[in-house]
Amino acid sequence: MKVEITSKIFNPWEELQTYEKTLIAQGKYGAVATFVGTMRDYNEGDIVQAMFLEHYPGMTEKYLQTLSETALQRWDIFETLIIHRIGEIKPGETIVLVATWAGHRVPAFEACRFLIDELKSRAPFWKQETLSNGVRWLDQ
Amino acid sequence: MKVEITSKIFNPWEELQTYEKTLIAQGKYGAVATFVGTMRDYNEGDIVQAMFLEHYPGMTEKYLQTLSETALQRWDIFETLIIHRIGEIKPGETIVLVATWAGHRVPAFEACRFLIDELKSRAPFWKQETLSNGVRWLDQ
Amino acid sequence: MAITIKFFASLREQVGKSEVQIELSRFKFFKEKLKPRTDSLTVGEVWAQVCDNSPLPIHILMAVNKEYSKQDTRVQDGDEVAFFPPVTGG
Amino acid sequence: MAITIKFFASLREQVGKSEVQIELSRFKFFKEKLKPRTDSLTVGEVWAQVCDNSPLPIHILMAVNKEYSKQDTRVQDGDEVAFFPPVTGG
């Protein structure tokens, strides 16, 4: 189980490769489900030039850890990985990576979906978009 | 859209990185869902030493292409990727990679789940496991 | 022209052959037991012909020209017919 | 000891402050309008105190010591209370 909040650009596929190599015995899992959220250069009909991602230091990490523990208890999975960007983000950059390792595909998929759905609806992150004519918070 | 059947070991995360770089405009997609199936060293209570994966040359490719086209028609997604191993496989090696790129997470997840579920239930592949006391086909 | 029949995986081992070619005109089954038809058989009739009239097992899947078919799909001269067990990929 | 109150994102900009510290003993609201209580307020009462008795908007989320709370969750001296708009991460 790993939860990371980072202000640096990260490559989701390299993170997956690294995590898989170091933490999980090969041959023990049969299924990996992942979700990667990436910054688009458009939203709700507008061109978006950049984004700022605010979080609640301490609470966000705590929430994501509890979420991961819940997934590990509810589904027959071995490992979870969550990485989320904060700060200034440019189009094309990765915002979030969620992954689950399991023996079989159904728990891998369900736990992965649970993690990203709960993260999106409850984890304390807030996006502010920079448009050509100013900024807007997405929580309105 | 890419469908590949290969007898060579492949690294799913490197394939994802390569496909993403070459084929899809950054900033245009916001969600990537992936599933990776890996060979376990156990199955149904037995230790599995190796696996042989047979397919139906021509029909398997055709089936996976039709499947990808169906996903692209049914869901609001931009791209699909399917890579499947054949031949001799060792524990820990990747058997299958499925990925979908979309604007938003729900179609990405649903199309990815559709592709792997249909692949597993209809694509002409057959697994034969090597156990300590002989081989067994998994279709019995 | 002929019909090509293929078998895969455990079925290939049970049947003891991976590929058979048959001429429509030489079908014993066709000539002796059916009304004359000049141009086609069903997939089920192809199975019966090649597998000594043994019943087609219920779990066996079929394809004609690399697309899933049914037992009563008609086969033409030049077609490729395949029989295989339930798939187990992914 | 004191209570720390934090505001995030668009709410922080609307309220015009990111963090406020208040002493329980100095609550005007507490002293004038409520029965004496020596050790706690609710989250809703903290909002009223810091935001000039304005009503707590219905979409605003609350946390005490970095865990989601409700409006009637009790706050102790030393606690951290946070108010923020709907989350939009992921």
Trainee: Need one label for A/K127: side chain, backbone, both or neither, based on atoms under 4.5 Å from any heavy atom in chain D.
Mentor: both
Trainee: Taking side chain to side chain donor-acceptor pair (under 3.5 Å) as the definition, give me every residue that meets it alongside A/E110, ordered by chain and number, with sequence neighbours left out.
Mentor: A/W75
Trainee: Does A/E14 offer a backbone N or O that forms a donor-acceptor pair with the side chain of A/T18 under 3.5 Å?
Mentor: yes
Trainee: Counting only heavy atoms closer than 4.5 Å, note whether D/E13 contacts chain A via side chain, backbone, both or neither.
Mentor: side chain
Trainee: Going through the distances and angles, do A/W137 and D/F8 end up as a ring pair (Phe, Tyr, Trp, His ring centres under 6.0 Å)?
Mentor: CA-CA 11 Å; A/W137 289 99; D/F8 291 93; over 10 Å; no
Trainee: Is the backbone of A/G92 close enough, under 3.5 Å, to the side chain of A/T38 for a donor and an acceptor to pair up by distance?
Mentor: no
Trainee: Below 4.5 Å from any heavy atom of chain D, which atoms of A/W126 appear? Answer side chain, backbone, both or neither.
Mentor: both
Trainee: Under a 4.5 Å heavy-atom cut-off, does chain D meet the side chain of A/S121, its backbone, both or neither?
Mentor: backbone
Trainee: Check whether A/N11 reaches the backbone of A/W13 with its side chain - one donor and one acceptor, N or O, closer than 3.5 Å.
Mentor: yes
Trainee: Given a strict heavy-atom distance threshold of 4.5 Å, which part of A/R122 is in contact with chain D: side chain, backbone, both, or neither?
Mentor: both
Trainee: Just so I understand: if I count every heavy-atom pair under 4.5 Å between each of D/G89, D/P86, D/A63 and chain A, which residue has the most?
Mentor: D/G89
Trainee: With a 3.5 Å distance limit and no angle check, can you tell me whether D/Q21 reaches the backbone of D/T4 through a side-chain donor-acceptor pair?
Mentor: no
Trainee: Side chain from CB out, backbone as N, CA, C, O: work out which of these in A/Y56 comes under 4.5 Å of a heavy atom of chain D, or both, or neither.
Mentor: both
Trainee: Could you check which of A/L97, A/L138, A/D139 has the highest count of heavy-atom pairs closer than 4.5 Å to chain D?
Mentor: A/D139
